[in-house]
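Reading through the structure tokens given below for one structure.
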Amino acid sequence: QVQLVESGGGSVQPGGSLRLSCAASEDINSGTCMGWFRQAPGKEREGVAAIYTGRGNTYIANFVKGRFTISQDNAKNTVYLQMNSLIPEDTAMYYCAANLGSLCSWWAIEHLEFGAWGQGTQVTVSS
């Protein structure tokens with residue numbers, strides 16, 4: 001099973017930016033749905049963004065649209081989540097997930113239907 005390692009989390013003031021990275025242990029470039037999810041204390045895990053690595057199609061949740069972008073680096077088997085204009089409500093543990101060989105769908109994102117998950121990286125937005 002593919003291993004996923006997230007990095008790039010930390011503490012930032014409101015309005016700041018962070019870039020999260022998700023490095024995969026296997027080749028994800030031939031067509032895999034890679035997703036970013038988050039879970040705040042006391043709340044359910046929710047889908048934030050996803051990318052189908054075969055074509056670069058992206059899926060961005062409405063509540064972060066215009067602030068977050070997702071991208072990939074094929075040479076590094078890595079997916080990034082660029083987070084700008086961060087607000088305190090973005091505070092959460094952020095998780096990377098993968099569905100090898102699968103297209104992305106909003107159903108899978110909303111239902112957390114991903115086969116592999118990373119351990120998460122904490123993002124804290126506070127003044």
Task: ring pair (Phe, Tyr, Trp, His ring centres under 6.0 Å) partner of Phe37, chosen from Tyr59, Tyr94, Tyr95, Phe114 - done: Phe114

TODO: Please say which of Val79, Leu4, Thr78 ends up in a side-chain contact (heavy atoms from CB on, under 4.5 Å) with Ile28.
DONE: Val79

Open item on the list: Count I, L, V, M, F, W, Y as connected when their side-chain heavy atoms are under 4.5 Å apart, and connections chain through other members. Are Ile70 and Leu100 then in the same cluster?
Closed with: yes

Task: Whether Thr32 side chain and Thr53 backbone form a donor-acceptor pair below 3.5 Å - done: no

- [ ] State, yes or no, whether a side-chain contact exists between Leu20 and Arg38 at a heavy-atom distance under 4.5 Å.
- [x] no

Task: Inter-residue atom distance Met93.CE - Arg45.CZ, 0.5 Å rounding - done: 9.0 Å

Task: Glu113 CD to Ser102 OG distance, which is reported to the nearest 0.5 Å - done: 11.0 Å

Open item on the list: Is it the case that atom CD in Gln122 sees more than 12 heavy atoms from other parts of the structure closer than 6.0 Å?
Closed with: yes

Open item on the list: Quick one, Val125 and Leu18 - any side-chain contact, counting heavy atoms below 4.5 Å?
Closed with: no

TODO: Keeping to residues at least two apart or across chains, list the side-chain hydrogen bond (donor to acceptor under 3.5 Å, both in side chains) pairs with something in residues 3-23.
DONE: Ser17-Asn84

Task: Nearest atoms (heavy-atom pairs only) where Leu86 meets Val12 - done: CD1-CG1, 3.5 Å

Task: Within-4.5 Å side-chain heavy-atom neighbours: Tyr80 and Cys22 - done: no

Task: Check against side chain to side chain contact (heavy atoms under 4.5 Å, CB included), Ile60 and Thr69 - done: CA-CA 7 Å; Ile60 307 293; Thr69 57; 5.6 Å; no

Open item on the list: Is it the case that the side chain of Asn29 and the backbone of Asn77 share a donor-acceptor pair, with hydrogens and angles ignored and the cut-off at 3.5 Å?
Closed with: no

Task: Atom pair CH2/NE2 of Trp106 and His111 - distance to nearest 0.5 Å - done: 13.0 Å

Task: Close side-chain approach of Pro88 to Ser126, heavy-atom, < 4.5 Å - done: no

Task: Cys104 to Ala50 - nearest heavy-atom pair and separation - done: SG-CB, 4.1 Å

Task: Worked verdict on Ile87 versus Arg67 for side chain to side chain contact (heavy atoms under 4.5 Å, CB included) - done: CA-CA 10 Å; Ile87 59 178; Arg67 301 189 297 121; 4.0 Å; yes

Open item on the list: Is there a side-chain contact between Gln82 and Ser71 in this structure, where contact means two heavy atoms from C-beta onward sitting under 4.5 Å apart?
Closed with: no

Open item on the list: Can you confirm whether Leu112 sits close enough to Trp117 that some side-chain heavy atom of one is under 4.5 Å from a side-chain heavy atom of the other?
Closed with: yes

Task: Side-chain touch Met34/Val2, heavy atoms, less than 4.5 angstrom - done: no

Task: Flag if over 12 foreign heavy atoms under 6.0 Å of NZ, Lys65 - done: yes

Task: Derivation and outcome, side chain to side chain contact (heavy atoms under 4.5 Å, CB included), residues Asp90 and Phe68 - done: CA-CA 11 Å; Asp90 294 320; Phe68 292 12; 3.9 Å; yes

TODO: Considering non-hydrogen atoms only, spot the tightest contact between Asn99 and Gly115 and give its length.
DONE: OD1-N, 2.8 Å

